S.K.: 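Handing you this structure, nothing more for now.
Note that this is a predicted model, so its numbers are computed, not measured.
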There are 2 protein chains.
Amino acid sequence: MQKAVIEKNNEVIAAQLTPVGRETVQDRVYSELRRALIGGLFEPSQVLTIRGLADALVTSTMPVREALGRLITEKALEALPNRSVRVPPITLERIDDLLRARSLIEGEAIALAATRMNPRQIASVEAMLGEWDEMRALKHKKDIDREATLNQSFHFEIYRCCGSAVLIPMIESLWLQSGPCIRVAIYAFSDAGEVDTAHYHRSIVAALARQDAQAAREALVADISRPFAFLRDKLQSANRKD
Amino acid sequence: MQKAVIEKNNEVIAAQLTPVGRETVQDRVYSELRRALIGGLFEPSQVLTIRGLADALVTSTMPVREALGRLITEKALEALPNRSVRVPPITLERIDDLLRARSLIEGEAIALAATRMNPRQIASVEAMLGEWDEMRALKHKKDIDREATLNQSFHFEIYRCCGSAVLIPMIESLWLQSGPCIRVAIYAFSDAGEVDTAHYHRSIVAALARQDAQAAREALVADISRPFAFLRDKLQSANRKD
DNA sequence: GTTATTGATTTGTGATCACACTTGCTTTGA
DNA sequence: TCAAAGCAAGTGTGATCACAAATCAATAAC
């Protein structure tokens with residue numbers, strides 16, 4: 001068989017097969033811990049032990065300690081001087097700090113995205129909006145986890161369009177850091193009666209559709225400010241009580 | 001001895017002693033690799049091996065692999081699908097991307113710092129400027145490493161005043177990512193004849209001294225844009241030649 | 001009853017080993 | 001002569017072990 005024929009044949013095979021991609025245990029542990037943090041499964045100030053997590057995830061300590069180290073460097077977890085690690089506690093300063101950083105960076109990302117999104121991409125996020133409404137209409141009992149996941153997809157679908165390989169990891173890091181805080185706020189939200197979150201997302205999409213970068217930025221900032229402001233008030237009144 | 005007396009005594013002792021702080025081998029390896037990356041000791045696209053680094057640093061593989069993992073998550077290094085790790089290559093898109101992110105975030109940091117720095121802090125960075133001039137005056141032959149270190153101290157001394165525990169680690173990550181690129185530019189600079197960098201730093205300090213946040217931001221952006229723009233031109237002309 | 005002290009358990013850290021995958025070179029066959 | 005198969009050295013990953021430090025409980029001392 002001639003070389004050209006073989007290569008052609010290989011190409012045909014390659015077109016039908018999808019790369020299998022070896023994922024290491026460490027990567028799976030890392031992803032799982034990320035998911036747990038963003039989802040608020042760990043509460044602020046909770047301490048995590050390597051062996052405890054290893055048991056829970058049914059692996060050895062090795063992948064866990066490496067994943068923990070990575071999460072500590074992106075400030076998603078905190079290394080105490082005792083060498084134990086915990087999820088960072090919530091403070092007023094930290095809330096304001098996170099909100100400012102998120103407004104700045106996610107605002108920039110969406111402003112860039114507004115000028116770069118093509119009609120197909122806009123239609124895609126618009127479709128997510130519709131899917132969202134359906135879910136909301138179907139079940140009056142709120143499914144917070146599902147809602148949070150959908151919210152995350154919505155935002156990152158937009159951010160991905162900004163075309164910056166530098167900004168996006170930073171935004172992921174920020175979500176990781178604010179995950180535990182936000183979750184506390186969300187729970188408080190759903191206790192305190194519902195606010196219409198759909199409105200904010202709708203104005204974001206509208207701004208994107210008419211390529212209005214400034215409006216998109218403002219709508220986004222309003223969206224992410226809401227839970228932070230709520231949490232801020234809650235914390236302040238708690239402090240006053242003491 | 002009564003309890004209060006003992007505690008008082010302990011306080012007196014504590015005031016005289018500085019905490020020794022157990023630094024792990026992993027931390028030392030991590031710091032050393034950071035220093036090497038920011039300092040440009042590794043060149044873009046160079047691949048690093050765990051055992052190679054462990055030999056060079058005279059430790060076992062364990063601390064090295066953990067340090068590498070951390071550097072990969074902050075995008076200071078890149079994990080190839082072959083599972084080898086390398087320092088990220090320079091591309092035009094990456095240069096623009098890094099410059100935009102740095103302008104955005106470091107600009108925000110210095111704008112915050114401008115409103116918060118007290119006279120003592122301003123005097124401190126002003127003093128660094130003087131020390132800088134001395135060094136420059138003494139030796140005509142440029143000591144690039146010393147210059148880079150001083151530049152880094154100068155910038156972070158200012159950033160620390162912004163009072164944001166979220167922004168500063170992000171800036172460190174950005175310096176880590178742009179370190180190898182910048183170093184290439186700096187070397188090219190010193191080959192191509194000197195530009196007066198002192199001027200930029202002087203206008204930064206001047207803006208800070210009169211608490212002019214906007215001017216400080218603009219002066220900073222001009223300062224960090226310079227090597228990026230230089231590198232950009234260099235790369236473009238290199239591409240044209242091919 | 002409260003405060004120290006001791007001892008046992010838990011925990012993080014680093015070293016070493018086993019295994020699987022990659023890479024580069026040599027050998028073999030047409 | 002050249003491409004493909006085979007082999008050997010190198011490399012990352014995960015498991016396990018040894019050790020030191022921290023934590024906590026129970027005991028002893030006042």
S.K.: Expressed in angstrom and rounded to an integer, what is the separation of B:Arg28 atom CZ from C:dT13 atom C1'?
M.R.: 12 Å

S.K.: Who are the side chain to side chain donor-acceptor pair (under 3.5 Å) partners of B:Glu43, not counting sequence neighbours?
M.R.: none

S.K.: Ignoring hydrogens and geometry beyond distance, is a side-chain donor-acceptor pair present between B:Arg70 and B:Gln26 at under 3.5 Å?
M.R.: yes

S.K.: Please state how far atom CG in B:Leu80 lies from atom P in D:dT11, giving the value in whole angstrom units.
M.R.: 15 Å

S.K.: Just say parallel, tilted or perpendicular for the rings of B:Tyr159 and B:Phe156, cut-offs at 30° and 60°.
M.R.: perpendicular

S.K.: Scan nucleotides 15-23 of chain C nucleotide by nucleotide, 5' to 3', and note B when protein non-hydrogen atoms come under 4.0 Å of the base, S if they reach only the sugar-phosphate, - if neither.
M.R.: BB----S-S

S.K.: Which angle, to the nearest 10 degrees, lies between the helix axes at the two ends of the helix from C:dG1-D:dC30 to C:dA30-D:dT1, each defined by five pairs?
M.R.: 0°

S.K.: Give a yes or no on whether the backbone of B:Leu99 and the side-chain of B:Ser103 come within a donor-acceptor separation of less than 3.5 Å.
M.R.: yes

S.K.: Keeping A:Ser178 on the side-chain end and A:Cys181 on the backbone end, is there a donor-acceptor pair under 3.5 Å?
M.R.: no

S.K.: Does a side chain donor of either A:Ser45 or A:Arg86 reach within less than 3.5 Å of an acceptor in the other side chain?
M.R.: no

S.K.: Between B:Trp175 and B:Arg102, is there a cation-pi geometry (under 6.0 Å to ring centre, at most 45° from the normal)?
M.R.: yes

S.K.: Nearest whole Å is fine: how far is D:dG10 C1' from B:Leu53 CG?
M.R.: 15 Å

S.K.: So, are B:Arg146 and B:Glu131 salt-bridged, with charged N and O less than 4.0 Å apart?
M.R.: yes

S.K.: Between C:dT13 and B:Gln26, is there an OP1 or OP2 to side-chain N/O distance shorter than 4.0 Å?
M.R.: no

S.K.: B:Leu68 has an atom CG; how far is it from atom P of D:dG12, in whole Å?
M.R.: 8 Å

S.K.: To the nearest Å, how far apart are A:Ile50 CD1 and D:dA21 P?
M.R.: 17 Å

S.K.: Rounded off to whole Å, could you give me the CD-to-P distance for the B:Glu66 and C:dG14 pair?
M.R.: 7 Å

S.K.: Can you tell me how far the CG atom of A:Leu53 sits from the OG1 atom of A:Thr49, to the nearest 0.5 Å?
M.R.: 6.0 Å

S.K.: Tell me: CZ of B:Arg83 to C1' of D:dG10, nearest whole Å?
M.R.: 16 Å

S.K.: How long is the line joining CG of A:Asp55 and C1' of C:dT11, in whole Å?
M.R.: 12 Å

